[in-house]
Every structure is written in C-alpha cells, then in structure tokens.
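Structure record follows, encoded as structure tokens.
These figures come from a predicted structure and were not determined experimentally. Every chain is numbered from 1, with letters handed out A, B, ... down the list of sequences.
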Number of protein chains: 2
Amino acid sequence: MADATEGETAQLPLHQRIRAEIEGKILSGEWPPGYRIPFEHELTAHYGCARMTVNKVIAALAGAGLIERRRRAGSFVAQPRLQSAVLEIPDIQQEVAGRGETYGYELIGRRRRPAGEDDPAVFTGQEVLELRCLHRANGRPLALEERLISLASVPEAAEVDFAATPPGSWLLHHVPWTEAEHRISALAASTKVAAILEVAKGAACLSLERRTWRATETVTAVRQIFRGDLYHLVARFSPQG
Amino acid sequence: MADATEGETAQLPLHQRIRAEIEGKILSGEWPPGYRIPFEHELTAHYGCARMTVNKVIAALAGAGLIERRRRAGSFVAQPRLQSAVLEIPDIQQEVAGRGETYGYELIGRRRRPAGEDDPAVFTGQEVLELRCLHRANGRPLALEERLISLASVPEAAEVDFAATPPGSWLLHHVPWTEAEHRISALAASTKVAAILEVAKGAACLSLERRTWRATETVTAVRQIFRGDLYHLVARFSPQG
DNA sequence: CGCCCGATTATGCATAGACATAATGTCGCG
DNA sequence: CGCGACATTATGTCTATGCATAATCGGGCG
C-alpha cells in the first residue's frame with residue numbers, strides 16, 4: 001500500500017496539525033474549561049510560523065465553540081455546552097434499507113384542499129396538499145405519516161406522483177429549507193392508528209412532528225407515528241461539533 | 001473617535017458582510033445547490049479587498065458545510081444535508097423551572113455494587129453506583145430516572161449526597177465528557193413504572209437512554225422514562241449552523 | 001484612599017505577495 | 001482519431017506586516 005505515514009509528524013498542513021493538537025489538549029482534559037491557552041505569539045514561536053496561521057486556527061476553534069476569545073485577556077477553553085445532541089433523522093426509506101430490511105411504501109390518501117381549522121395556523125388561507133402514507137419494513141407497518149405541503153410554497157408538488165415516491169424523499173431533494181423544528185413525544189395508538197399500524201389500541205408509539213420553513217414561509221408539516229416496538233431514534237454527540 | 005464610516009451599510013467587519021451576503025444568496029435560493037459561486041478573484045474585485053479575506057470567508061462556509069470547494073473547478077453551493085437536528089436536552093430541573101412549574105426531586109434508591117449481568121457490558125468488572133430517582137413537576141411525577149455511574153471513572157460520586165442533588169446536574173458540572181449517545185423510544189409503562197409515575201399500566205411513555213463517555217471509558221449510563229402525557233422533546237435546526 | 005487616565009498588550013481584521021497542488025483543458029504527436 | 005504530455009488556472013497554504021480595538025494594569029492626581 002501507499003506510504004506509511006512518517007513517524008514523527010504527518011505531512012498534514014500545519015494549521016490542521018495545530019488544530020488537532022489544541023483540540024486534543026482540550027478534549028483530553030489537559031486544558032480544562034476556563035484554562036487560558038497560550039497566547040498567539042507563544043504558539044507562533046512554538047510552531048515557528050506566522051501569527052496569521054495560528055490566528056486562523058484559533059478563530060476557527062472559536063467559531064466551533066471550543067474556545068472563547070477576550071481581547072487583551074487571552075483565549076480560554078469554553079465551558080462545556082449544555083447538553084445538546086446532533087439528532088440524525090434520516091429518510092425512513094434509507095434507514096430501513098440500511099438495516100437490510102425491505103422497504104415498503106403505500107399512499108393511503110391524497111387531497112388537495114384549502115387549509116382548515118384543524119391545520120396548523122400557519123397554513124390558514126393557503127391551499128395545501130394533504131398526504132397520508134404508510135411506511136413498511138419487511139412488510140410490517142412501521143410508521144404512519146400525515147403530511148401537509150403548502151402549495152403556495154411548493155406548487156410543483158401538485159404534479160408529483162406520490163403513489164410512487166415518498167413525499168419526504170421528494171421534498172428533501174427538491175425543496176431547500178432554512179429551518180426546521182421537531183417535536184418528539186410518546187403517545188398511545190388511537191383506534192384508527194392502531195388499525196393501520198396493526199397494533200393494539202393504546203400501544204405506545206413514537207410521534208415525530210416536524211415543521212419546515214423556507215425563509216419565513218412554512219413549507220411542510222409532517223407527523224410520523226412509529227410503532228414503538230419497532231423503532232427508536234439514535235442521537236450521537238461529541239462536543240467538538 | 002467617530003470616524004465617518006463611509007457608506008451607510010457597514011460598521012460590520014468586511015468579512016462578516018461578505019459572509020452574510022453569500023449566505024443570504026444561498027439560503028434564499030438565489031444560488032441553488034450545485035451553483036458555482038464567483039471565483040475568489042471575482043469576489044476580490046467585487047468587494048475591493050484582498051484574496052485572503054474572501055478566502056477566509058469561503059473556507060469558513062466550507063467548514064460549515066454550506067459550500068464545497070473543488071480545486072481548479074471552483075466553489076459550489078453544497079447539496080442540502082441529510083436531515084439532522086440539534087436536539088437540546090436540558091437538565092430536567094432547569095426545564096421544569098423554565099416552564100414556571102415547581103420542580104421536585106426524590107431519591108428512591110441508592111446502591112453501591114459491582115456491575116452485574118443486567119448492566120451494560122461496558123461496566124462489567126467495575127464497581128458502579130446505582131441510583132433511582134423521581135423528578136416531579138408541580139408535584140406530579142414527570143420522569144423516573146435509573147442511573148449507573150462508573151466509580152472507576154468518577155470516584156468522587158461515592159461521596160455525593162444524591163438525596164439533595166439530582167445526579168444529572170451534579171455530573172454535568174463536575175465531570176467533563178467527550179461523547180454521548182442517546183436512544184429515544186416509546187414504551188408502555190410496566191406495572192412498576194406505572195405505579196411510580198402514577199399512570200395506568202401500559203400508558204405510553206417516552207424513554208431517553210443516554211450513555212456518556214470520557215475518552216474511551218463510559219462515565220455514566222442513564223435511562224429516563226417520562227410520562228408521555230406530560231413531556232416531549234423539541235429540536236430545532238437551521239442548516240447554517 | 002479612591003478614581004480616572006493613559007500606556008501596554010493581546011486579539012481582530014486586513015493586505016499583498018509567494019509558492020504548492022490538483023484538476024481541467026488543449027495541443028501535438030503517433 | 002486517440003491519447004498522453006503540458007500549460008493553465010483556481011484553490012490551498014503560509015508569510016510578514018500594519019493598523020484597529022478593547023481590556024487590563026499601573027501610576028498620578030484630587
């Protein structure tokens with residue numbers, strides 16, 4: 001195979017090496033929160049490089065939230081953030097396929113109608129596309145999806161054949177968005193939901209509600225109800241971001 | 001002194017203005033995914049600044065994932081990422097207080113024991129502190145917490161009076177961590193859990209399991225079971241980071 | 001003794017130039 | 001006509017330097 005990486009230091013660009021070393025000291029705890037890291041001119045001397053080089057590194061670390069900078073005082077290791085995690089919510093289709101199971105999709109209902117009183121207030125006055133569909137894994141019902149798409153924001157959606165394409169996948173690839181909000185909760189299956197998901201009435205389900213904006217207009221609102229016995233969300237986090 | 005900033009536009013640093021303008025074009029859709037943004041030398045000419053200045057901006061945007069750079073070819077607006085959200089999981093105590101309700105805490109059980117077969121495999125051979133406690137909001141049971149703390153990693157925990165301090169708060173402030181994993185699921189209350197949370201057996205609950213590492217050693221593993229009718233998680237996301 | 005004012009100093013921002021690297025396109029040769 | 005060598009070009013990295021800004025420290029004055 002290719003070159004064995006040089007014993008001492010890699011042929012990494014210098015700024016990556018500097019960044020890695022500083023990150024290492026912080027993450028290992030050698031430089032605890034509140035610790036004043038060496039001044040730029042000290043790092044400059046230590047690495048034998050120009051101040052701009054270490055400056056860019058520290059600025060990047062500050063941008064990532066690992067370091068806080070105070071003029072004249074120095075740069076300090078930031079306090080660990082409040083608990084926050086990066087929650088990956090992949091396409092159901094991809095996720096099922098990724099687990100090696102066969103994905104099934106079924107469009108249950110499709111209506112084009114003006115938004116009514118039961119809909120989220122952001123849609124009032126607009127025309128929406130209402131979709132209900134079912135996701136299956138290995139043939140078993142996995143999740144019921146109820147979705148509203150704003151036709152004012154996404155007129156193209158009216159033409160799409162959602163009997164063949166899950167709306168989540170389509171939207172993900174066709175509509176840019178700038179913000180989203182998720183609401184995750186547990187609920188008991190209603191009679192209707194229980195029938196569709198093929199579980200007992202009252203069975204625990206995981207509900208994922210998502211609302212997606214583009215700039216200030218709501219693009220879509222979706223509620224996915226997963227069978228609690230077949231699904232869970234996983235979120236991973238490491239503080240370096 | 002009040003130097004007359006020439007235009008009306010900026011007392012912003014130039015690089016922030018450049019960044020804001022580019023981000024704006026991307027987020028507004030004016031520069032769609034795949035669009036080749038102007039070359040550095042064009043931006044240099046447009047803003048009348050040095051190349052390093054626009055270079056730093058574009059490098060930062062690339063670091064944030066908004067832009068992909070290809071040598072010789074140019075810089076391109078990145079495809080929208082897979083769905084991912086920043087999930088804030090605050091201290092239960094803080095969150096209850098933040099909603100204006102009164103927080104209550106109760107230690108149900110505390111045992112110091114060697115890890116057994118029912119515990120996560122990472123603890124085997126270690127001594128652990130096992131805690132069970134109940135969080136209340138306005139007097140009503142909100143969440144049952146079952147926690148294991150590795151005494152090998154956190155020997156100080158043996159001395160703490162967890163009858164007064166919720167273990168989550170204490171750990172958050174005393175033990176740095178480098179990585180965490182969450183598992184979010186819905187489950188039906190068992191007889192025991194139902195009795196503690198004062199709900200019917202089988203009621204839908206939201207389960208949040210978290211395992212926290214420091215470097216490679218597991219610090220703590222916790223499972224919080226929330227009453228589904230009283231609690232949900234909220235996650236917000238905007239792609240610019 | 002306390003408070004304000006200036007000198008010091010670390011970071012913040014920007015410049016102009018240099019060389020390295022990698023991908024693209026083109027030209028010329030077989 | 002196909003293909004490899006080479007020139008072109010945009011980004012990647014780094015340097016050396018300058019001035020701006022803000023916080024801190026120390027000293028002098030009321």
Separation of C/dG12 P from A/K56 NZ (nearest whole Å):
15 Å

Reckon A/L14 touches a base, only the sugar-phosphate, or nothing at all at heavy-atom distances under 4.0 Å?
sugar-phosphate

What's the NE2-C1' distance between B/H41 and D/dT8, to the nearest Å?
12 Å

Atom-to-atom span, CD1 of B/I67 to P of D/dG12 - whole angstrom:
11 Å

Does D/dG12 have OP1 or OP2 under 4.0 Å away from a side-chain N or O of B/R69?
yes

B/R72, nearest nucleotide to its side chain (from D/dA22, C/dG25, D/dC14):
C/dG25

Output the rounded distance in Å from CE (B/M52) to C1' (D/dA16).
12 Å

Check this for me: does any side-chain nitrogen of one of A/R69 and A/E40 sit under 4.0 Å from a carboxylate oxygen of the other?
yes

First of A/G48 and A/R71 reached from the 5' end of DNA chain D, by closest nucleotide
A/G48

Whole-Å gap separating C1' (D/dT8) and CZ (B/F39):
12 Å

Could you tell me how far apart B/R19 (CZ) and C/dA14 (P) are, to the nearest whole angstrom?
14 Å

If you only use heavy atoms from C-beta on, which nucleotide in D/dT13, C/dC13, D/dT15 is closest to the side chain of A/P13?
D/dT13

Ignoring hydrogens and angles, tell me if any N or O in the side chain of A/T220 forms a donor-acceptor pair with the backbone of A/L148 under 3.5 Å.
yes

Hey, is the side chain of B/R51 pairing donor to acceptor with the base of D/dG12 inside 3.5 Å?
yes

Side-chain N,O (A/S75) to OP1/OP2 (C/dA10) below 4.0 Å:
no

If we ignore angles and hydrogens, is there a donor and acceptor under 3.5 Å between the side chains of A/E95 and A/Y231?
yes

Taking the side chain from A/Q126 and the backbone from A/F123, do they hold a donor-acceptor pair closer than 3.5 Å?
no

Value in whole Å for how far the C1' atom of D/dT11 lies from CD of B/E40:
6 Å

Cut-off 3.5 Å, side chains only: do A/T218 and A/R211 have a donor facing an acceptor?
no

Using atom CD1 of B/I58 as one end and atom C1' of D/dG12 as the other, report the distance to the nearest whole Å.
12 Å

